[in-house]
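Everything numeric in this text was worked out from a predicted model, so none of it was measured.
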Amino acid sequence: EINAEGVFALEAAAMLSAVVGDNERWHRYSSEAQALRQAMMQYMFDDDTGAFVLNYDQDQNYQDNFTADEVFPVLFEVAGPEERAKILGRLSETDFVTPVGLRTISTADSWYFPSHGFGLLGGVWPDLTLWFVVSLARNGRVDAALHWMEAIYDTMEAGAVRNTVP
């Protein structure tokens with residue numbers, strides 16, 4: 001997540017540098033964004049799972065649970081078109097989706113416990129679903145994006161006594 005956001009931030013800084021005519025910073029930030037993108041694809045993308053690993057520990061063991069954090073390399077276009085399509089497809093499966101939005105982790109994940117950890121272990125967050133909506137739309141899945149916009153709107157209009165974890 002944070003690495004994909006870093007790519008986006010560096011690209012934004014490069015664009016702002018270009019706007020103000022600072023070619024040296026434009027080149028520097030563009031190069032750093034590309035280097036971070038390449039490092040993410042080389043070290044964090046797992047070809048076997050078709051997804052990004054969450055983290056590495058000090059012994060280089062990695063956590064490869066597929067979580068909704070996969071939306072960030074899609075949202076910020078770190079992954080290529082083929083990888084983005086696969087990630088969006090996986091996030092669209094029934095163990096992630098609910099009538100009101102996207103779960104943070106799959107119901108099939110051994111860590112699934114949606115009412116624990118502020119909903120980080122399977123809860124449904126409207127913001128996460130909106131990031132998913134933008135990712136779907138940017139990747140040509142406009143009808144699916146519209147579906148989720150309507151689902152979020154309907155849920156918010158109906159009102160909830162507390163956070164919804166279907």
Side-chain angles (χ1 to χ4, degrees), residues 1-93 95-97 101-106 108-111 117-149 152:
E1 174 183 343
I2 194 72
N3 291 298
E5 291 167 347
V7 170
F8 178 77
L10 287 164
E11 288 175 339
M15 285 188 259
L16 290 171
S17 297
V19 167
V20 299
D22 189 338
N23 290 335
E24 182 179 327
R25 283 199 172 102
W26 168 79
H27 179 71
R28 177 178 170 206
Y29 293 136
S30 294
S31 297
E32 292 298 329
Q34 186 59 29
L36 182 53
R37 175 181 280 107
Q38 289 172 345
M40 283 185 69
M41 293 305 295
Q42 180 177 353
Y43 298 110
M44 300 191 79
F45 188 77
D46 184 344
D47 289 322
D48 293 334
T49 64
F52 291 83
V53 300
L54 291 174
N55 57 42
Y56 285 91
D57 67 16
Q58 293 176 344
D59 296 322
Q60 296 304 304
N61 299 308
Y62 59 87
Q63 182 179 359
D64 64 352
N65 301 48
F66 190 97
T67 72
D69 285 335
E70 296 292 334
V71 77
F72 292 101
V74 176
L75 180 64
F76 298 125
E77 298 182 342
V78 171
E82 185 176 312
E83 291 89 1
R84 292 194 307 262
K86 288 179 183 177
I87 290 169
L88 289 173
R90 177 67 185 96
L91 289 173
S92 298
E93 292 180 12
D95 56 326
F96 271 98
V97 299
L102 195 66
R103 295 182 188 282
T104 54
I105 66 172
S106 162
D109 194 302
S110 62
W111 288 40
F118 305 99
L120 290 171
L121 300 175
V124 178
W125 288 20
D127 290 351
L128 168 62
T129 305
L130 290 170
W131 298 325
F132 182 56
V133 165
V134 173
S135 297
L136 288 166
R138 285 183 178 171
N139 286 276
R141 298 181 61 186
V142 176
D143 289 343
L146 179 60
H147 162 78
W148 288 111
M149 287 294 295
I152 292 168

How far apart are the closest heavy atoms of Pro73 and Met40, and which atoms are they?
CG-CE, 4.5 Å

Just verifying a value: how many Å separate Leu88 CG and Glu93 CD, rounded to the nearest 0.5 Å?
11.5 Å

Using a 4.5 Å cut-off on heavy atoms from C-beta on, say whether the side chain of Arg138 contacts that of Arg84.
no

Asp109 side chain to Trp111 backbone, donor-acceptor under 3.5 Å:
yes

Using the side chain to side chain donor-acceptor pair (under 3.5 Å) rule, pick out the option among Asp95, Thr67, Asn65 that qualifies with Ser106.
Asp95

Residues Val124 and Arg103: closest non-hydrogen pair is CG2-CG, 4.2 Å

Exercise answer: donor-acceptor pairs, residues 140-149 side-chain atoms, under 3.5 Å, sequence neighbours excluded:
none

Determine whether a donor-acceptor pair (N or O, by modelled atom type, separation under 3.5 Å) exists between the side chain of Asn139 and the backbone of Ser135.
yes

Dump the intermediate steps for side chain to side chain contact (heavy atoms under 4.5 Å, CB included) on Glu11 and Glu77, then the final yes or no.
CA-CA 11 Å; Glu11 288 175 339; Glu77 298 182 342; over 6 Å; no

Should the heavy atoms of other residues, nucleotides or ligands under 6.0 Å from CH2 of Trp26 be counted, would the total exceed 12?
no

Parallel, tilted or perpendicular: which describes the rings of Phe52 and Phe45, with under 30° parallel and over 60° perpendicular?
perpendicular

In Å and rounded to the nearest 0.5 Å, what is the OG to CG distance from Ser30 to Asn23?
10.0 Å

I'd like to know if Glu32 pairs up with Arg28 as an ion pair, taking the criterion as any Lys NZ or Arg NE/NH1/NH2 lying under 4.0 Å from an Asp or Glu carboxylate oxygen.
no

Does atom CZ of Arg25 have more than 12 heavy-atom neighbours from other groups under 6.0 Å away?
no

Hey, do the aromatic rings of Phe66 and Phe96 have their centres closer than 6.0 Å?
yes

Return the CG to CZ distance between Leu128 and Phe72, rounded to the nearest 0.5 Å.
7.0 Å

From Glu82, Arg90, Glu83, residue fulfilling side-chain contact (heavy atoms from CB on, under 4.5 Å) relative to Lys86:
Glu82

Taking every heavy atom of Leu54 against every heavy atom of Met44, the minimum-distance pair comes out as O-CE, 4.2 Å

Is there a side-chain contact between Leu75 and Trp131 in this structure, where contact means two heavy atoms from C-beta onward sitting under 4.5 Å apart?
yes

So Val7 and Phe76, side chain to side chain contact (heavy atoms under 4.5 Å, CB included) or not? Walk me through it.
CA-CA 7 Å; Val7 170; Phe76 298 125; 5.6 Å; no

Would you compute the distance between atom CG of Asp69 and atom CD1 of Ile87 and round it to the nearest 0.5 angstrom?
11.0 Å

What closest approach, in Å, do Phe132 and Leu91 show between heavy atoms, and which atom pair accounts for it?
CE1-CB, 3.7 Å

